[in-house]
Asks: 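Just passing along the structure, written as structure tokens.
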Amino acid sequence: GKLKFWADSCPENFLHKYLLIEAEINRISGKLPEAIDFYDKAIESAKENEFIQNEAIANELLARVYYEKGQKKLTSIYLMDACYAFIKWGANTKVKKLIKDFPRILEKLYVDHLLDSDFLNNTTSSSTGSFHLDFLSILKSAQIISGEINLEKLLKKLIDVVIENAGAERGILVLEKEGELFIEAEGQVDNVTTIETILLNDEHKVSSSIINYVARTHESVVLKDANTDEIFINDNYILKYQPKSILCIPIINKRKLIGVLYLENNLTTGAFTPDRIEVLKLLSSQMAVSIENALLYTNLNDVTEDLRVTNDKLENYNQTLEVLSNTKKFNNL
């Protein structure tokens, strides 16, 4: 009753929840056609309103329905959509659990790349290009990122993972701090990575106008050939260095800008394909969470060190008071 009322009053926040519950009620009641329809509508509503976790859950539940019905192709479609949504949400352990639950379907399809064209062309899945991606490789990259809490080590791993997955020659990670943008890490394809905090400005060898645009709008910029792009063709960096392919994407967590990834490939135009961009977008959610965790850990260590120094000073002060007290007693004898 209440959920239906909320769904009618505010469909953006509650409709997908109502539809998902209706799907489950119909599934339990044995009304599978009705349940499947509700699941599909729940997925569409959750996706449209960016409730990634519920989109993932609805896809998984519908995949399990099709699995019980013996429809393996439809099971595969919804399982993969569930996996991608869980990865974007940062729930890597859940993806590992799905791989364990459905090893023959997931590992066969996405390790050996045995998808056939009929399967691709007749899908009703919402993630049209995602079948070409090696999601196990994405999961591995996400785990590398999520497993590091030391900020400096994390930034190096981030650059390495990003350059490898994007097919970039060069990558730069910019973080936002108190309204300012700082270059924190820069890497090359030969794995030479520099970790250094530098305020973003026009002097550094990077397009600061593109980075500022992405930071301001929270939208990605993809330039197949930077020298012919109409929007940034007068950018000072582009005019001076004439780079070819540029990709710049925001790193966002809960609608808050954490940083910006800036990538270049100067060997060829159109280096950053839709598949590569999709991979980075999937990984960017995990990047945001990992960076925030590492920053919190660094700040906690700083606070702990400050407390230790303060405690040492207090101990020294108490020792001094004790010495003075004893000296006074001695003089009074």
Side-chain angles (χ1 to χ4, degrees), residues 50 52 87-90 92 138 141-188 193-223 232 235 237 243 245-265 272 276-302:
E50 299 182 355
I52 190 68
I87 289 173
K88 287 183 73 174
W89 189 30
N92 300 328
I138 297 171
S141 297
Q143 288 172 327
I144 290 172
I145 296 168
S146 63
E148 184 56 67
I149 198 69
N150 177 277
L151 183 60
E152 185 172 327
K153 292 180 179 178
L154 171 64
L155 296 182
K156 185 181 186 308
K157 288 182 178 181
L158 273 176
I159 289 293
D160 292 344
V161 164
V162 165
I163 287 177
E164 179 183 352
N165 281 281
E169 276 192 294
R170 176 171 171 255
I172 290 176
L173 177 64
V174 176
L175 296 184
E176 192 273 340
K177 298 178 182 178
E178 298 180 356
E180 297 279 3
L181 295 174
F182 293 87
I183 295 173
E184 296 287 344
E186 180 175 354
Q188 308 288 338
T193 303
T194 304
I195 307 295
E196 186 179 5
T197 300
I198 305 171
L199 182 65
L200 178 68
N201 54 54
D202 293 331
E203 296 177 6
H204 196 82
K205 192 179 175 182
V206 68
S207 175
S208 57
S209 63
I210 292 178
I211 293 175
N212 279 309
Y213 174 85
V214 172
R216 184 176 68 255
T217 64
H218 293 191
E219 295 178 359
S220 299
V221 168
V222 185
L223 305 185
F232 297 101
D235 176 88
Y237 171 78
S245 301
I246 292 179
L247 171 61
C248 194
I249 66 171
I251 301 174
I252 297 171
N253 188 27
K254 298 177 182 177
R255 300 185 179 180
K256 174 190 172 185
L257 181 74
I258 307 300
V260 175
L261 269 176
Y262 177 92
L263 303 168
E264 281 185 1
N265 187 317
F272 302 116
R276 292 183 183 276
I277 296 168
E278 181 69 15
V279 167
L280 290 185
K281 286 183 177 179
L282 287 168
L283 289 174
S284 66
S285 299
Q286 183 62 63
M287 292 178 199
V289 172
S290 296
I291 290 170
E292 285 207 313
N293 289 341
L295 288 171
L296 286 172
Y297 180 76
T298 300
N299 293 336
L300 179 61
N301 282 345
D302 290 343

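When reading the values below, keep in mind they use all heavy atoms of this one structure, side chains included, and skip hydrogens, waters and symmetry mates.
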Asks: Kindly determine whether Lys205 and Arg170 satisfy side-chain contact (heavy atoms from CB on, under 4.5 Å), including the steps that lead there.
Replies: CA-CA 11 Å; Lys205 192 179 175 182; Arg170 176 171 171 255; 3.9 Å; yes

Asks: Report yes if the side chains of Leu200 and Asn212 come closer than 4.5 Å at any heavy-atom pair, otherwise no.
Replies: yes

Asks: Mind listing the closest non-hydrogen atom pair of Ala185 and Leu155 along with its distance?
Replies: CB-CB, 4.1 Å

Asks: By salt bridge (charged side-chain N to carboxylate O under 4.0 Å, His left out), which residues pair with Asp160, not counting sequence neighbours?
Replies: Lys156

Asks: Should Met287 and Ile145 count as side-chain neighbours, where that means a heavy-atom distance under 4.5 Å?
Replies: yes

Asks: To check you understand the geometry: which heavy-atom pair defines the closest contact between Phe272 and Asn265, and what is its length?
Replies: CZ-N, 3.9 Å

Asks: Atom CD1 of Ile258 and atom CD of Glu292: how far apart are they, to the nearest 0.5 Å?
Replies: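 Going from CD1 on Ile258 over to CD on Glu292, the span is 3.5 Å.
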
Asks: Rounded to the nearest 0.5 Å, what separation is found between the CD1 atom of Ile291 and the CG atom of Asn253?
Replies: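 Atom-to-atom, Ile291:CD1 and Asn253:CG are 10.0 Å apart.
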
Asks: How far apart are the closest heavy atoms of Ser284 and Pro250, and which atoms are they?
Replies: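 What the structure gives for the nearest pair is CB-O, 4.3 Å.
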
Asks: Could you tell me the separation between the CD1 atom of Ile251 and the CD atom of Gln286, rounded to the nearest 0.5 Å?
Replies: 11.5 Å

Asks: What distance do Glu278 atom CD and Leu283 atom CG have between them, rounded to the nearest 0.5 Å?
Replies: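 Rounded to the nearest 0.5 Å, the CD-CG separation comes to 10.0 Å.
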
Asks: Within the 4.5 Å heavy-atom criterion, are Val260 and Cys248 side-chain neighbours or not?
Replies: yes

Asks: Return the CG to CG distance between Leu223 and Asp235, rounded to the nearest 0.5 Å.
Replies: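 Going from CG on Leu223 over to CG on Asp235, the span is 9.0 Å.
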
Asks: Decide yes or no on side-chain contact (heavy atoms from CB on, under 4.5 Å) for Leu154 and Ile149, but give the supporting numbers first.
Replies: CA-CA 7 Å; Leu154 171 64; Ile149 198 69; over 6 Å; no

Asks: Does Phe232 reach the side chain of Val221, with side-chain heavy atoms less than 4.5 Å apart?
Replies: yes

Asks: Please tabulate, one pair per line, all N/O donor-acceptor pairs under 3.5 Å involving side-chain atoms of residues 171-182, not counting sequence neighbours.
Replies:
residue : atom : partner : partner atom : Å
Glu176  : OE2  : Gly179  : N            : 2.6
Lys177  : NZ   : Glu184  : OE2          : 2.7

Asks: For Gln188, I'd like to know if atom CD has over 12 heavy atoms of other residues, nucleotides or ligands within 6.0 Å.
Replies: yes

Asks: Any non-hydrogen side-chain atom of Glu169 less than 4.5 Å from a side-chain atom of Glu264?
Replies: no

Asks: Of the non-hydrogen atoms in Ile211 and Tyr262, which two are nearest, and what is the gap between them?
Replies: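 For Ile211 and Tyr262, the tightest heavy-atom pair comes out as CG1-CD1, 3.9 Å.
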
Asks: Looking at Glu164 and Arg276, what are the two nearest heavy atoms and their distance?
Replies: O-NH1, 4.2 Å

Asks: Going by heavy atoms in the side chains, are Tyr237 and Ser209 under 4.5 Å from each other?
Replies: no

Asks: Using 0.5 Å steps for rounding, measure from the CG atom of Asn293 to the CG atom of Leu151.
Replies: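 Answer for the CG-CG pair, Asn293 versus Leu151, is 11.0 Å.
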
